[in-house]
Amino acid sequence: MEISSLSAVSFGMPFRHSSSSSSSSSSSISASSSTTHFPSRTRKSPKLQLQHASDLTSTLTSVGQLLTMKDLNATLHHFANSNKFNHVSQLFLWMQENKKLDVYSYSHYIKFMANKLDASTMLKLYNDIQVESAKDNVYVCNSVLSCLIKKGKFDTTMKLFRQMKHDGLVPDLVTYSTLIAGCVKVKDGYPKALELIQELQDNKLRMDDVIYGAILAVCASNGKWEEAEYYFNQMKSEGRSPNVYHYSSLLNAYSACGDFTKADALIQDMESEGLAPNKVILTTLLKVYVRGGLFEKSRELLAKLESLGYAEDEMPYCVLMDGLAKARQTHEAKIIFDEMMKKHVMSDGYAHSIIISAFCRAKLFQEAKQLAKDFQTTFDKYDVVIMNSMLCAFCRAGEMESVMETLRKMDELAISPDYNTFNILIKYFCRKNMYLLAYRTTMDMHSKGYQPAEELCSSLIYHLGQENASSEAFSLYNMLRYSKRTIGKALHEKILHILLAGKLLKDAYVVFKDNATSISGPTTKKFASAFMKSGNINLINDVMKTLHNCGYKIDQGLFEMAVSRYLGQPEKKDLLLHLLQWMPGQGYVINPSTRNLILKNSHLFGRQLIAEVLSKQRVKLNAQKSN
DNA sequence: GTAGGGTTAG
């Protein structure tokens, strides 16, 4: 790269040119022309040369060392303001290599590049900071944290935050509001936000309007309306005046309980404070009514929104339609949809998605399919949610060709399938008796980090068994078993039957051994005789002991089977002797017919040894009888 | 000279 060659250029002792002289000349040079005869008076300052450079690399080589840190930072600004982000990066890199950067360079650069750099690059940038004063500078730290939060890396951010504190950062209110805001989109965000509130108070910081705004938003997004109410009142009692955002968060929190009385009172309070409800406030109020099941009141409010010009996009319609659909009022939802269409309300496809799903839920599959096709022909905006709605409709209506087309489209548009996508497909493949395809989709789902529902897997395992796909069934079983959750006991028995049917006896033994207590008597018996009959001969004694140890009474039939296996393979005589020696200690004695069988073949094993072992069994038996 | 928040829909 050109940049690296820069450092090879050696300069004399760095010197500072007078900044006053450069700024005095800077205002007049724009008119300078190449025809001038007074180059010394009209030449651009190094800073301006750099800012207007056509070849940044060579300009840095020639004038870079003449520039002050302040000039360089101003130039970063200049490039960022003119959207020359390649120049920003290139200059910053040069500044890093030439060790000409300070706290401002970092905090500006991070701000400029927040949208361009990914989380790991940002993290590396911070970790590689060599300037001591920048590393624990609260502005620099806040910039980095804010950038990571915006990229949705909450856990990474919190980890970095702890490291920063350990390395000397003294967090301020900005730090905390940045982090609390990050809790809005995170699951379990409320307790995490609470911890941060506690920490800022422990650090003798006082909550300000911004912090209140952030915590109210967290409460709202977590359905904590009582807590939201608490913070709102606390804020007021501190003499702070909530603004429209504070009000709207509390209102949004009320939608969790659907308490329209509280919501109406809040709007009144807001108006008495001189704040006029805006479009968002009224849409949120609609959400409260809808969640409270007050559909008549909702329709009236929607009409009011329309009359105020607040219903130009589909959002309020979607709020109402979704509520109706979830209350199983599919027909009423469709009426709203039709009105919306008639009025040519702007739509991004949310409305279609809601109604397609509503139709699927109501088992109106033909209607769902039709609407999905309408969407395909009239919209060119796809995301995973609308794709899922359409897939669901096509699957339920049995439109295989459309299902495949939709999947191709997803692939083409690089829309990654999510949990719902996999679920829809797996259920569909199962319904169509395409169990191997369902199996492969389930494994794919698992490899993408989604946990398939146990019930679905369990049913799939059963069907795979029916189709003699025992090893696929076993893979699925193992996937469930090793996914850190407890699974139903019946599944162990189910897979055991499948493995026995598929003659996967070694796998069956593993399942039996690990779950003996969940296996019924008849299934144990079935497993035992299957194994004695054709399981790996080297494991026969182990299986015997396992059966015995889990309380199963081994019958003569099993001993007979084991013995005849051993007689068929005389090289395994040690195993037979071991079994015969083990038996009496556990209260087992061979019956006469098996005993005769062994004696008949004793030349294969050594007559003397066999006789001794058998007579020991006798003695033991007699002793037991006399007891 | 640098850093922060907040509303509504599938």
Side-chain angles (χ1 to χ4, degrees), chain A residues 69-70 73-74 76-77 102-112 114 134 137-147 149-150 169 171-184 193 200 207-221 228 231-232 242-255 270 277-288 290-291 305 310-311 313-323 325-326 333 337 340 345 347-358 375 381 383-390 392 420:
Chain A
M69 213 98 91
K70 195 174 171 187
N73 288 341
L76 275 180
H77 252 287
D102 60 10
V103 167
Y104 297 110
S105 322
Y106 279 108
S107 74
H108 286 142
Y109 179 71
I110 292 161
K111 181 185 163 190
F112 300 148
N137 177 276
V138 72
Y139 292 94
V140 171
C141 290
N142 288 347
S143 304
V144 175
L145 293 171
S146 156
C147 172
I149 285 285
K150 282 182 185 131
L169 167 71
D172 65 4
L173 273 185
V174 176
T175 321
Y176 287 108
S177 67
T178 304
L179 297 174
I180 294 168
C183 297
V184 174
L200 80 86
M207 293 174 72
D208 66 2
D209 286 5
V210 179
I211 297 280
Y212 275 115
I215 188 67
L216 282 167
V218 174
C219 290
S221 66
Y231 284 113
F232 189 84
N243 63 24
V244 69
Y245 295 103
H246 296 110
Y247 275 100
S248 100
S249 285
L250 178 55
L251 194 60
N252 193 23
Y254 286 150
S255 69
M270 184 178 168
N278 60 16
K279 180 174 153 181
V280 176
I281 290 282
L282 291 179
T283 309
T284 310
L285 181 62
L286 179 65
K287 186 174 151 186
V288 180
V290 166
R291 294 285 167 89
L305 277 155
Y310 290 167
D313 67 45
E314 62 184 332
M315 201 182 287
Y317 298 93
C318 288
V319 170
L320 179 52
M321 285 188 295
D322 186 53
K326 284 183 176 145
F337 180 82
M340 194 190 128
V345 172
S347 169
D348 282 329
Y350 282 70
H352 276 78
S353 161
I354 290 166
I355 301 297
I356 293 170
S357 306
F375 183 89
K381 233 179 168 177
D383 62 18
V384 70
V385 182
I386 188 69
M387 286 300 192
N388 286 345
S389 311
M390 300 203 316
C392 187
N420 292 326

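Per the geometry, CG belonging to A:Leu216 stands 12 Å off P belonging to B:dT8, to the nearest Å.
Proximity note for A:Asp383 (side chain, C-beta onward) versus B:dT7, B:dG10, B:dT2: the nearest is B:dG10. Picking from B:dA9, B:dG4, B:dT2 the nucleotide with the shortest atom distance to the side chain of A:Val174 gives B:dG4. Here the nucleotide nearest the side chain of A:Asn73, chosen from B:dA3, B:dA9, B:dG1, is B:dG1. Comparing B:dG10, B:dG5, B:dA9 against the side chain of A:Cys318 picks out B:dA9 as the nearest.
Both thresholds, 5.5 Å between centres and 30° between ring planes, are not jointly met by A:Tyr139 relative to the base of B:dA3, so the two rings are not stacked. A:Tyr104 qualifies as a stacking partner of the B:dG1 base, centre to centre under 5.5 Å and near-parallel within 30°.
Distances shown here put a side-chain N or O of A:Ser146 below 4.0 Å from the OP1 or OP2 atom of B:dG4. An OP1 or OP2 oxygen of B:dT7 is reached within less than 4.0 angstrom by no side-chain nitrogen or oxygen of A:Asn252.
Side-chain rings of A:Tyr212 and A:Phe232 stay apart, their centers remaining 6.0 Å or farther from each other.
Residue A:Asn137 is classed as having no contact, given no heavy-atom separation below 4.0 Å to the nucleic acid. Residue A:Ala181 is in sugar-phosphate contact alone, with no base atom involved, counting any heavy-atom pair closer than 4.0 Å across all strands shown. At the heavy-atom level, A:Ser357 lies nowhere under 4.0 Å from the strands shown.
Contacts of A:Tyr231 classified as ring-ring contact (aromatic ring centres under 6.0 Å, His included), with partners at least two apart in sequence or in another chain: none. Partners of A:Val345 by side chain to side chain contact (heavy atoms under 4.5 Å, CB included), not counting sequence neighbours, listed by chain and number: A:Glu314, A:Tyr317, A:Met340, A:Lys343.
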